[in-house]
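Here the structure is laid out as structure tokens; the discussion comes afterwards.
We use all heavy atoms of the structure for the numbers below, so side chains are in, but hydrogens, waters and symmetry mates are not.
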Amino acid sequence: MYKIVAIDGPAGSGKGTVAKILASECNLMYIDTGAMYRAVAYQTLKDNISIEEEDKIVEIAKNSKIEFVDGQTYLNGDNISKEIRTMEVTRIVSPISSIVKLREILVDLQREMAKGANVIMEGRDITTVVFPNATYKFYLDASVEERANRRYKENKEKGMDVSYDEILENIKKRDYNDMHKEVGSLTRTEDSIYIDSTNLTIDEVVEKMKNIINN
């Protein structure tokens, strides 16, 4: 039986970084669901489509080929790993990911990607919608201030000039949107293992999860 590790949590809680390390150390295939929604958001911007034009955004998802190769995100053969992390994409990804038909398309794709493999997947609704019967279910959290501070430092390292206050406000809005989606809202399930990473290093979080997965 194949192993599925599911991680949910709010923006900036460290899910992506932790998942990538665990994938390498526990021999799991990493599927970045957030990058999939960002890929659609990126193409929406590129095509000058308004976020109100939901049918056109759904068509993007239907007609796009999203792949992960060596930790990089590809859209229709192009590596867009850097482009999908801009503030422009970040501002629209939450409302776009609230489109019900879009979510259905990407959830089907996520399940298809996971067939016949030991998988680690992170996002907002992995433990509740995509894989409610996952082998291991985690909810990774941190204070909103700490999450904003992490994003601020990441952006500085990448040469992106975005103020801490703008990032904090954006994360608060994303939290609200993610927790109030019609479908696939961010929810902490009773059987998920809760980890607060506010005062933990990435290595400490990884070690906690790895011990649970290996045991």
NZ/NE/NH1/NH2 to OD/OE distance under 4.0 Å, K101 and E104: no
All N/O donor-acceptor pairs, side-chain side in residues 64-73, below 3.5 Å, sequence neighbours left out:
unit_1 : atom_1 : unit_2 : atom_2 : d
S64    : OG     : I60    : O      : 2.5
Q72    : OE1    : N79    : ND2    : 3.3
Q72    : OE1    : S81    : OG     : 3.0

Residue pairs fulfilling ring-ring contact (aromatic ring centres under 6.0 Å, His included) with at least one residue in residues 87-125, sequence neighbours excluded: none
I193 reachable from I213 in the ILVMFWY side-chain graph, under 4.5 Å edges: yes
Check: K3 main-chain N/O paired with N118 side-chain donor or acceptor under 3.5 Å: yes
L200 and K208, any side-chain heavy atoms less than 4.5 Å apart: yes
OG-CZ distance between S97 and R124, expressed to the nearest 0.5 angstrom: 7.5 Å
Charged N-O contact under 4.0 Å between R150 and E146: yes
V93 reachable from V162 in the ILVMFWY side-chain graph, under 4.5 Å edges: no
Presence of salt bridge, R188 and D141, under 4.0 angstrom: no
Spacing of E52 atom CD and I57 atom CD1 [to the nearest 0.5 Å]: 8.5 Å
From E54 atom CD to I49 atom CD1, the distance as rounded to the nearest 0.5 Å: 12.0 Å
Student check: side-chain heavy atoms of M36 and D32 closer than 4.5 Å: no
Check: N170 side chain, E166 main-chain N or O, donor-acceptor pair, under 3.5 Å: no
Full working for side-chain contact (heavy atoms from CB on, under 4.5 Å) between S94 and K181: CA-CA 9 Å; S94 187; K181 292 182 188 297; 3.8 Å; yes
Side-chain donor-acceptor contact under 3.5 Å, T90 with R85: no
More than 12 heavy atoms from other groups under 6.0 Å of OH on Y194: yes
Min side-chain heavy-atom separation F138-V18 under 4.5 Å: no
I120 CD1 to K20 NZ distance, which is reported to the nearest 0.5 Å: 12.0 Å
Salt bridge flag under 4.0 Å for residues E59 and K62: yes
Qualifying residue, where the test is side chain to side chain contact (heavy atoms under 4.5 Å, CB included) with V58 and the options are I99, N63, V100, V40: I99
Chi angles and distances behind the side-chain contact (heavy atoms from CB on, under 4.5 Å) call for F131, R111: CA-CA 8 Å; F131 288 113; R111 289 172 177 159; 4.1 Å; yes
Verify same cluster id: I195, I202 (apolar side-chain graph, 4.5 Å): yes
If you look only at distance, which donor and acceptor atoms sit under 3.5 Å apart when one is on a side chain in residues 6-17 and the other is two or more places apart or in another chain?
unit_1 : atom_1 : unit_2 : atom_2 : d
D8     : OD1    : D125   : N      : 3.3
D8     : OD1    : I126   : N      : 2.8
D8     : OD2    : I126   : N      : 3.3
D8     : OD2    : T127   : N      : 2.9
D8     : OD2    : T127   : OG1    : 2.6
S13    : OG     : P10    : O      : 2.8
S13    : OG     : L140   : O      : 3.3
K15    : NZ     : G9     : O      : 3.1
K15    : NZ     : P10    : O      : 3.0

Cluster overlap V5 with V129, hydrophobic side-chain contacts below 4.5 Å: no
D191 CG: over 12 foreign heavy atoms closer than 6.0 Å: yes
Nearest-0.5 Å distance that lies between atom CD in E190 and atom NZ in K137: 10.0 Å
Point-to-point distance, once rounded to the nearest 0.5 Å, from NZ of K210 to CD of E25: 3.5 Å
Heavy-atom side-chain proximity of R103 to Y37 below 4.5 angstrom: yes
side-chain contact (heavy atoms from CB on, under 4.5 Å) between D175 and R147, intermediate numbers included: CA-CA 11 Å; D175 284 353; R147 289 186 281 128; 2.7 Å; yes
Heavy-atom pair with the smallest gap, counting every atom of Q110 and I31: O-CD1, 4.2 Å
Heavy atoms of other groups near K158 NZ, more than 12 under 6.0 Å: yes
Note, I84 side chain near L75 side chain (heavy atom, < 4.5 Å): no
Exercise: identify the closest heavy-atom pair between I92 and A41: CD1-O, 3.6 Å
S24 side-chain N/O to I21 backbone N/O, donor-acceptor pair under 3.5 Å: no
Chi angles and distances behind the salt bridge (Lys or Arg N to Asp or Glu O under 4.0 Å) call for E154, R151: CA-CA 5 Å; E154 287 175 9; R151 282 289 165 86; 3.7 Å; yes
Sub-4.5 Å side-chain heavy-atom contact between E122 and Y30: yes
T135 side chain vs I4 backbone, donor-acceptor pair below 3.5 Å: yes
Side-chain heavy atoms of E204 within contact of S197, under 4.5 Å: no
Heavy-atom donor-acceptor pair, Y152 side chain to Y164 backbone, under 3.5 Å: no
Transitive ILVMFWY side-chain link L102 to M113, under 4.5 Å: yes
Side chains of T33 and V130 in contact at under 4.5 Å (non-hydrogen atoms): no
Audit row: E207, D203, side-chain contact (heavy atoms from CB on, under 4.5 Å) steps and yes/no: CA-CA 6 Å; E207 197 61 30; D203 288 342; over 6 Å; no
N199, CG: over 12 other non-hydrogen atoms inside 6.0 angstrom: no
Donor on one side chain, acceptor on other, T198 and D196, under 3.5 Å: yes
